[in-house]
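What follows is one structure encoded as structure tokens, with my remarks underneath.
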Number of protein chains: 2
Amino acid sequence: MKPLSIGQVAKRTGIRTSALRYYEEAGILPAPARVAGRRSYDPDVIRRIDILRFAQQAGFTLEEIKTLFRGFGTDTPLSTRWQRLAHTKLRELDEQAERIQRMRSALELSLKCGCVRIEECSLSPSSVSHANDGCRGSRCS
Amino acid sequence: MKPLSIGQVAKRTGIRTSALRYYEEAGILPAPARVAGRRSYDPDVIRRIDILRFAQQAGFTLEEIKTLFRGFGTDTPLSTRWQRLAHTKLRELDEQAERIQRMRSALELSLKCGCVRIEECSLSPSSVSHANDGCRGSRCS
DNA sequence: CCTTGACTTCAAGTTGACTTGAATATGTAC
DNA sequence: GTACATATTCAAGTCAACTTGAAGTCAAGG
């Protein structure tokens, strides 16, 4: 397929040109060929950028994503760094998911409940863990 | 109970004194009484700080937490702002949980798979949605 | 009395992930 | 050939959420 200008890449991915240049500078995206000084992107970059965004939304930092991209093809032994990162991140994702679930319960409870101040209600680490009787306010249902 | 110094509060909550001063400055924690110019905290503040940390870990910004704390006791009609925030945040939490789940699947899949480069594997929004055949690399199991 | 340690305020620095602005160059349309 | 959009680089600015440093205050122990 035809090469893309930075503006076209920006349009297709929803990422601003300034961010694309920044990613390149930071070594996260490869520097594309230049035609008369301008970036000329292989359309493959779109897929890579999609992955980048996806990983970012899942909570990876740009540094981590760089490692992810660097992959493990080049350096034997196979993939140890990448696997470590993946394992670590899996654990982090689980923890984050659990925190989110607890916050969810707490929020839902406090919406049903008529507490005047949030402190009276369920939003604390201790009370959320046994979340049925989290509410201690004056007008709890 | 007895009032606490800023150092004692820091020790009990695991939050640095600089952060406590910052929260006060930012209006997230109430300014405690001063005794000879020094902060003298009501032990209640511990609970509030616990909630603060919990909410923060669940992805709330300090601004949002401020709103959370401001609560809805004072201004009729009851709770509209706080409820809106809670609902919005619930939706956000759900989205984030889903992203995390998808990233989890993708990571697990790519650990099992022998792809040389991550692009070949499952880590993209499109392939993750039908994640059983996400791997397109050369040595996929 | 003097030192030590915990505190005070205020200003400035830090990190990650960008964005914005200035000055300049190139490509496309009329 | 002259606008105008789009591109370039580089430096500096932004934002949240703090941290660090400087300079000073205060109570208690030796």
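Because the structure is a prediction, the values reported are computed rather than measured. Reminder, nothing fancy here: chain letters follow the sequence lines and each chain counts from 1.
- For A:E25 and A:R21, the salt-bridge test fails: no basic side-chain N is under 4.0 Å from an acidic carboxylate O.
- Listed by residue number, the members of residues 5-14 of chain B with any heavy atom below 4.0 angstrom from DNA chain C are B:S5, B:I6, B:G7.
- In this structure, A:E24 places its CD atom 14 Å from P of D:dA7, rounding to the nearest Å.
- B:Q56 comes within contact range of the sugar-phosphate backbone alone, with a heavy-atom separation under 4.0 Å but no base atom that close.
- To the nearest angstrom, P of D:dC26 lies 14 Å from CZ of B:R34.
- Residue B:E95 places its CD atom among more than 12 non-hydrogen atoms of other residues, nucleotides or ligands, all under 6.0 Å distant.
- Shown here is A:R12, whose CZ atom has no more than 12 heavy atoms of other residues, nucleotides or ligands within 6.0 Å.
- Between the CZ atom of B:F60 and the P atom of D:dA16 there is a distance of 17 Å, rounded to whole Å.
- Crowding of B:Q56 atom CD: a count of heavy atoms from other residues, nucleotides or ligands under 6.0 Å exceeding 12.
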Legend entry - A:Y23 and A:L62: CA distance, side-chain angles, deciding distance, side-chain contact (heavy atoms from CB on, under 4.5 Å) verdict: CA-CA 9 Å; A:Y23 292 152; A:L62 289 184; 3.8 Å; yes
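- Atom pair A:R53:CZ and C:dA17:C1' shows a separation of 15 Å (rounding to whole Å applied).
- Residue-level contact check: B:R21 touches the bases, meaning some heavy atom is under 4.0 Å from a base atom.
- Atom CD1 in A:I15 sits roughly 11 Å away from atom C1' in C:dC18 (whole-Å rounding).
- A straight line from CD of B:E63 to C1' of D:dA17 spans 12 Å, rounded to a whole angstrom.
- When all heavy atoms of A:A58 and B:R99 are compared, the pair lying nearest together is CB-O, 4.3 Å.
- Checking the phosphate oxygens (OP1, OP2) of C:dC7, no side-chain nitrogen or oxygen of B:R39 falls inside 4.0 Å.
- No side-chain heavy atom of A:I46 sits under 4.5 Å from any side-chain heavy atom of A:Y41.
- Between B:Y23 and D:dA17, a side-chain N or O to OP1/OP2 separation shorter than 4.0 Å is absent.
- If you check every strand for non-hydrogen atoms under 4.0 Å, B:E25 touches nothing.
- Side chains of A:I49 and A:L20 form a contact here, defined as non-hydrogen atoms less than 4.5 Å apart.
- Across the protein-nucleic acid pair, B:L29 atom CG and D:dA17 atom C1' stand 14 Å apart, rounded to whole Å.
- Here the P atom of nucleotide C:dC7 and the CG atom of B:L4 are 11 Å apart, to the nearest Å.
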Inset, instruction - Sugar-phosphate atoms are those with a prime plus P, OP1 and OP2; base atoms are the rest. Using that split, label each nucleotide of nucleotides 19-30 of chain C B, S or - for protein heavy atoms under 4.0 Å, 5' to 3'. - result: BB----BBS---
